[in-house]
Undergrad: 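One structure follows; several queries about it will come next.
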Amino acid sequence: MRTWIGASLLSSVLALALFGPLLFPRDPWAMDGLPLLWPAEDPAYPLGTDSLGRDLAAGIASGAWVSLLVGVSSAAVSLLIGVSMGTLAGFYRGRSEALVMRVTELFQTVPSFVLAVVIVALFGASLSTIIISVGVVSWPASARLTRAQVLRVSAREFVLAARALGMSDARLLVRHVLPNALPPVISVGTLAISNAILSAAGLSFLGLGDPQVLDWGSIIHEGREQLLDAWYICALPGLAIMVAVLGFNLLGDVLLERR
């Protein structure tokens with residue numbers, strides 16, 4: 001049941017990202033409607049308008065691909081760093097393991113969202129900066145899991161036999177260790193996507209999103225001043241965030257149970 005629910009939620013978000021511009025072709029930045037139209041009040045604006053007269057349906061559709069791009073890209077950055085660090089610690093042990101684990105613990109002592117805010121504030125609010133900052137602050141979990149998996153696989157008989165035959169470290173990692181160690185890590189990557197979507201929306205809500213991109217967090221940021229008399233402006237993109245995050249979380253849970 002969770003598999004179908006998660007797949008359905010993710011399919012709806014993906015369909016919105018792919019076909020949203022066709023269903024809602026109006027420019028999401030265009031201020032050509034009456035301000036604060038409620039959903040279904042005007043057929044031309046099925047989800048209403050914000051305080052500037054912008055079409056909320058077009059804005060939410062535009063924010064779908066932004067959220068998916070940030071989520072998938074940030075998770076990829078996080079996994080790249082985490083897998084590299086975890087492999088280094090688990091395979092070579094000794095000083096490498098001690099150094100990697102101390103760096104990992106250092107990152108874990110600092111709240112990840114606060115660190116992402118600092119990085120974006122220092123290097124500027126752009127889509128690439130947000131992707132990198134969210135990925136950089138969220139790698140410790142995948143690094144710890146990768147280290148544990150590499151330690152487990154490295155102790156297996158077929159790995160010890162390959163070492164005894166003189167197989168190089170690079171070949172041993174590529175052919176034997178990583179293929180058996182990475183499946184659980186990749187499963188956790190789906191959960192990293194949902195966390196990245198939440199973090200990116202939080203940054204945009206604080207006014208640290210890319211000013212050239214309209215995403216769900218920035219729509220909520222703009223609608224916070226009309227929360228009492230036009231709450232739908234915040235509720236609709238908030239519902240979109242909930243659907244995307246819940247879909248990835250359900251899919252991640254299913255993958256973790258089946259690994």
Undergrad: Quick check: is W4 connected to V243 through a chain of hydrophobic side chains (ILVMFWY, heavy atoms under 4.5 Å apart)?
TA: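 Cluster IDs for V243 and W4 differ.
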Undergrad: I need the S78 OG to I193 CD1 distance, nearest 0.5 Å.
TA: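 Answer rounded to 0.5 Å: 10.5 Å.
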Undergrad: Tell me which pairs pass ring-ring contact (aromatic ring centres under 6.0 Å, His included) where either residue lies in residues 12-62, with sequence neighbours left out.
TA: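 For residues 12-62, and leaving out neighbouring residues, the ring-ring contact (aromatic ring centres under 6.0 Å, His included) pairs sorted by first residue read W38-W231, W38-Y232.
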Undergrad: Around atom CZ of R102, are there more than 12 heavy atoms of other residues, nucleotides or ligands at under 6.0 Å?
TA: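 Yes, enclosed.
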Undergrad: Same cluster or not: are V136 and L106 linked, directly or through other Ile, Leu, Val, Met, Phe, Trp or Tyr residues, by side-chain heavy atoms under 4.5 angstrom apart?
TA: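 Shared cluster, no.
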Undergrad: Should we count CZ of R224 as having more than 12 external heavy atoms under 6.0 Å?
TA: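 Enclosed.
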Undergrad: Using the rule side-chain contact (heavy atoms from CB on, under 4.5 Å), only one of D210, V117, T129, D215 pairs with L203; which is it?
TA: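 Filter result, single survivor: V117.
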Undergrad: Are L47 and L37 connected in the hydrophobic side-chain network, where two residues link if heavy atoms are under 4.5 Å apart?
TA: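 The answer is no; the residues belong to distinct hydrophobic clusters.
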Undergrad: Nearest 0.5 Å, what's the OG-CG distance between S62 and L56?
TA: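 The distance works out to 12.0 Å.
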Undergrad: Please give me the minimum heavy-atom distance between G189 and A75, naming the atom from each residue.
TA: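 Closest pair (atom of G189, atom of A75, distance): O-CB, 4.0 Å.
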Undergrad: Check whether any side-chain heavy atom of V159 lies under 4.5 Å from a side-chain heavy atom of N180, and answer yes or no.
TA: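 No; the side chains remain at least 4.5 Å from each other.
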Undergrad: Heavy atoms, side chains only, cut-off 4.5 Å: are P184 and Q149 in contact?
TA: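 When only atoms from C-beta onward are counted, Q149 and P184 do touch, with a gap below 4.5 Å.
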Undergrad: Please list all pairs passing the salt bridge (Lys or Arg N to Asp or Glu O under 4.0 Å) test where one or both residues lie in residues 14-36, with sequence neighbours left out.
TA: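 Output for this query lists R26-D32, R26-D55.
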Undergrad: The test is side chain to side chain contact (heavy atoms under 4.5 Å, CB included); show your working for E222 and I233 and say whether it passes.
TA: CA-CA 8 Å; E222 296 294 337; I233 300 177; 5.9 Å; no
Undergrad: Hey, does T49 have a side-chain heavy atom less than 4.5 Å from the side chain of L34?
TA: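 A side-chain contact is absent here, since even the closest heavy-atom pair is not under 4.5 Å.
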Undergrad: Let me confirm one number: the CG-CG distance from L246 to L10, rounded to the nearest 0.5 Å.
TA: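 Rounded to the nearest 0.5 Å, the CG-CG separation comes to 9.0 Å.
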Undergrad: Are F158 and M167 connected into the same hydrophobic cluster when the rule is that any two of I, L, V, M, F, W, Y join if their side-chain heavy atoms are below 4.5 Å apart?
TA: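 Shared cluster, yes.
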Undergrad: Can a donor-acceptor pair be found, under 3.5 Å and without considering hydrogens, that links the side chain of S12 to the backbone of L9?
TA: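 A pair under 3.5 Å: yes.
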Undergrad: To check you understand the geometry: which heavy-atom pair defines the closest contact between L214 and V66, and what is its length?
TA: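 For L214 versus V66, the nearest heavy atoms are O-CG2, 4.2 Å.
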Undergrad: Tell me, do R93 and L151 make a side-chain contact under 4.5 Å, heavy atoms counted?
TA: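 Heavy-atom side-chain distance check passes, below 4.5 Å.
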Undergrad: What distance do L206 atom CG and S218 atom OG have between them, rounded to the nearest 0.5 Å?
TA: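 Going from the CG atom of L206 to the OG atom of S218 covers 12.5 Å.
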Undergrad: Is there a side chain to side chain contact (heavy atoms under 4.5 Å, CB included) between S138 and N195 once you walk through the steps?
TA: CA-CA 9 Å; S138 56; N195 291 332; over 6 Å; no
Undergrad: Determine the minimum heavy-atom distance between S74 and I131, stating which atoms define it.
TA: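 Answer, listing the atom of S74 first, then I131: OG-O, 3.2 Å.
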Undergrad: Keeping to residues at least two apart or across chains, list the ring-ring contact (aromatic ring centres under 6.0 Å, His included) pairs with something in residues 88-117.
TA: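 Counting only pairs at least two positions apart or across chains, the ring-ring contact (aromatic ring centres under 6.0 Å, His included) contacts touching residues 88-117 are F107-W139.
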Undergrad: Going through the checks in order, is the side chain to side chain contact (heavy atoms under 4.5 Å, CB included) test met by D169 and R163?
TA: CA-CA 8 Å; D169 290 348; R163 283 184 184 274; 4.3 Å; yes
Undergrad: Ignoring hydrogens and geometry, is there a side-chain-to-backbone donor-acceptor pair from W65 to L18 under 3.5 Å?
TA: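 Not a single qualifying donor-acceptor pair exists.
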Undergrad: To the nearest 0.5 Å, what is the distance between CZ (F205) and SG (C234)?
TA: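 Here the rounded value is 7.0 Å.
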Undergrad: Tell me whether I186 is reachable from L145 by hopping between hydrophobic residues (I, L, V, M, F, W, Y) whose side-chain heavy atoms are closer than 4.5 Å.
TA: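 Yes.
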Undergrad: How far apart are the closest heavy atoms of V70 and A200, and which atoms are they?
TA: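 So the minimum-distance heavy-atom pair works out to CG1-CB, 3.5 Å.
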Undergrad: Can you tell me how far OG of S168 sits from CG of L173, rounded to the nearest 0.5 angstrom?
TA: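 That separation rounds to 9.0 Å.
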Undergrad: What closest approach, in Å, do H176 and V153 show between heavy atoms, and which atom pair accounts for it?
TA: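 Scanning both residues, the minimum pair turns out to be O-CG1, 4.1 Å.
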Undergrad: Would you please test D50 and I219 for side chain to side chain contact (heavy atoms under 4.5 Å, CB included) and show each step?
TA: CA-CA 9 Å; D50 61 9; I219 297 175; over 6 Å; no
Undergrad: Write down the atom of A116, the atom of V137, and the distance for their closest heavy-atom approach.
TA: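 Where A116 meets V137 most closely, the heavy atoms are N-CG1, 3.8 Å.
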